[in-house]
Amino acid sequence: MTPIIRHLFLSIAVCLILSACKPKSLPRECSDITQNIRACTSNNNCTGGQICLNQPDISNDKTCGFNKPSNIGACLPNTSLFNGRCISNAPCNAACAATSTAPRVCNIISNTCDIPPDRADTSCKQTCPAGSLLVYDNIDASITLGCHTLSCACAPLPEIHLGDLGRFVSMTQSGNNLFASAYDATYGDLVIMTYNAQTLEQTALRYADGFPNSGKITGNPTGRRGGRLDKGRNVGTHTAIAMRNGRPIVVYVDEESQSLKIAFLEIDGKITTGVIHQATKSAGENIGRFSSIVVDEAGVIHVAYFADNITIDAQRVSTPMYARAKISLPKTPEDWDHLAIEPMRHCDDKGCLQETADPACKHKDPSSFQLASLNFTENSRGNGLYTAIAIHNDKPMVVYQDSAHGYVRGATANFTRTDPTPTDFTTTKIDCGVGSIDVGNYTALRIAPNNDVVVAYGDGLGNTIHTYRGEDFARGTTTRIDDGLRASHDIRVGGPISILFDSHGTASFIYGDLSNNDVIITTPSENGFVHHTIIANGAFGSAQSAVVISDDQALILAHRRSFKQATPGDLVLRTLDLRAF
């Protein structure tokens, strides 16, 4: 090799290695499918869900595009694989209108609707059915291998993405299936999910109510919400779930009508909905919050819930309500018996109903509450918040918070579950707090294996968790099980509480560490109660629901509420052995 040739060879090699001789843009033989690519410097330059990427097959400069899947074909959470790309919403705005002479093709590279070039074959002239898009099915090969005949295919639109899923979560179990109800805050929908209790694999997710039945389809029409992104009715808050014959029944609030509804998941997978208690919204009624449900051994449905600003005997009142289904599949309010458990005057700018002081409770002056900020959330004032219902000795029992006075109350039916007509309840103060501190936040109620009545609740400041256990609401003992004091630092405790019983009847309590947004389990010991953090570092504590599945194993369904850490729809299931605590 002569010195000149050797020098030329070395120059070319160095040039290639250092990329010093790269042209500003790669030669594009097939510019007919890349001509609409948009250059970018940041994601702000891109639209339609695309981001600013390095795409060396297309350009040496950054261009707008969709991410490709991993080597194993996986996409990031809350994105779907479509036409070789990971997308969160359908490309090309989910539709490419045909020209007067031919269809147009959705170009996944540029996210534009193209008129097919001359080298496209006849497959690019077909018309696709609703719910699918005409796309190039070999576009990457065309770019990397040079110009060749383009072909097209009808690609089903991916499912629309999950929203902010998991608030107002409630969970139950039947056999090897777990069922959970929740509210999707992005769309305003009720969602029912099914899991395998052993593997924790999600086997079904159904949008049950709230989505529109007509309108533009931008996703798979057989998938979530029928493929529609448009919002429908805002429903699905304050869910509570129970089982009957292996199928879940969910009660929940229709926020638009401020009424209480019910949904049945039938054996064929279809969902039937009905109304339990219809509010007169124009009159300011607000019905159904803090709902609770139990199904008795005969399959009859019993529901407890909060009703505010309703009229009874010409008075505007708030009250815990009891409803019992008259038929197996109730659809209208007429299919239910309704009974106001303990009406008190509706809290307004004039205050709430004053009670006569008694030696058992220190009276709390309702005028100290900021009633002007009523918003019918967890901070509502009235009688009947945080209801929980159970059947005990063949009678319905309900616990709830009298938020007007800061008490925990229990109500026992003066009728059995089979009596033809519900009559009334006897109410009892379970706990009245200490001084001016309210109690009764997030009340929970379970019947223990030995038939004891067990209640759990927090105080209004998030400082303590308490439990009550006894033969009924009048003969029992109240115990503080968590004062929030820890060796290293104090924490706030509270949020939804789950009461679990192991095979020996020992009660454990699961609730939130509100300071760190973790999940805590508290169990009895010889020296009192012991607290363990069981789910941490993920903002889980603000919403959770737990059940015991088998062999003293508890399963917790938690929702990540941190906007910085969470992906929408990010639900976390964990099992733990109660014998370890």
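Atom set for the values below is all heavy atoms of this structure, side chains included, hydrogens, waters and symmetry mates excluded.
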Lys326 atom NZ: more than 12 heavy-atom contacts under 6.0 Å = yes

Quick check: does any side chain N or O of Tyr511 sit under 3.5 Å from a backbone N or O of Val493, one acting as donor and the other as acceptor?
-> no

Partner residues of Phe425 under the ring pair (Phe, Tyr, Trp, His ring centres under 6.0 Å) criterion, sequence neighbours left out = Tyr322, Phe415

Test salt bridge (Lys or Arg N to Asp or Glu O under 4.0 Å) applied to Arg579 - qualifying residues, sequence neighbours left out = Asp577

Option passing side chain to side chain contact (heavy atoms under 4.5 Å, CB included) with Ile491 (candidates Ile520, Leu485, Thr533) | Ile520

Once you round to the nearest 0.5 Å, how far does CG of Asp313 lie from CD of Gln315?
-> 8.0 Å

Keeping the roles fixed (side chain from Thr467, backbone from Val455), state whether a donor-acceptor pair exists under 3.5 Å.
-> yes

Selection residues 488-516 - residue pairs positive for salt bridge (charged side-chain N to carboxylate O under 4.0 Å, His left out), sequence neighbours left out | none

How about Leu578 and Ile521: do any of their side-chain heavy atoms sit closer than 4.5 Å?
-> yes

Do Pro496 and Phe168 have side-chain heavy atoms sitting under 4.5 Å apart?
-> no

Quick one: which residue pairs count as a side chain to side chain donor-acceptor pair (under 3.5 Å) with a foot in residues 545-554, not counting sequence neighbours?
-> Ser503-Asp552

Measure the spacing between CZ of Phe264 and NZ of Lys331 and express it to the nearest 0.5 Å.
-> 9.5 Å

Given the options Ile293, Thr172, Leu265, Ile249 meets side chain to side chain contact (heavy atoms under 4.5 Å, CB included) only with Ile293

Side chain to side chain contact (heavy atoms under 4.5 Å, CB included) partner of Leu178, the single match among Thr194, Ile549, Leu557 = Ile549

Side chain to side chain contact (heavy atoms under 4.5 Å, CB included) partner of Val439, the single match among Leu461, Asp402, Asp431, Ile430 | Asp431

Does the Ser292 side chain pair with the main chain of Ile389, one donor and one acceptor, at a distance under 3.5 Å?
-> yes

Mind listing the closest non-hydrogen atom pair of Ile556 and Ala546 along with its distance?
-> CG1-CB, 3.8 Å

Side-chain heavy atoms of Val253 within contact of Tyr183, under 4.5 Å | no

Any donor-acceptor pair under 3.5 Å from Arg574 side chain to Ala558 backbone = no

Under the 3.5 angstrom rule, does the side chain of Thr427 hit a backbone N or O of Gly410 as a donor-acceptor pair?
-> no

Salt bridge (charged side-chain N to carboxylate O under 4.0 Å, His left out): pairs with one or both residues in residues 170-197, sequence neighbours excluded | Asp189-Arg225

Return the set of residues passing salt bridge (Lys or Arg N to Asp or Glu O under 4.0 Å) with Glu297 (not counting sequence neighbours), or none when no residue passes.
-> Arg417

In Å and rounded to the nearest 0.5 Å, what is the CD to CG distance from Gln278 to Asp254?
-> 7.5 Å

If only atom types and distance count, is the side chain of Arg244 paired as donor or acceptor with the main-chain N or O of Gly299 below 3.5 Å?
-> yes

What's the spacing between Tyr252 OH and Asp209 CG if we round to 0.5 Å?
-> 3.5 Å

Main-chain N/O of Met397 paired with His302 side-chain donor or acceptor, under 3.5 Å = no

Between Lys281 and Glu255, is there a side-chain N and carboxylate O pair less than 4.0 Å apart?
-> no

Working to the nearest 0.5 Å, report the span between OH of Tyr187 and CG of Asn234.
-> 14.0 Å

Between atom CZ of Phe290 and atom CG of Asp308, what is the distance when rounded to the nearest 0.5 Å?
-> 9.5 Å

Is the backbone of Leu385 close enough, under 3.5 Å, to the side chain of Gln401 for a donor and an acceptor to pair up by distance?
-> no

Exam field: side chain Gln544 to backbone Val519, donor-acceptor pair closer than 3.5 Å | no

Would you find a donor on one side and an acceptor on the other, under 3.5 Å apart, between the side chain of His392 and the backbone of Asn451?
-> yes

Closest non-hydrogen atoms of Ser291 and Ala240, given as atom of the first, atom of the second and distance, are O-CB, 3.5 Å

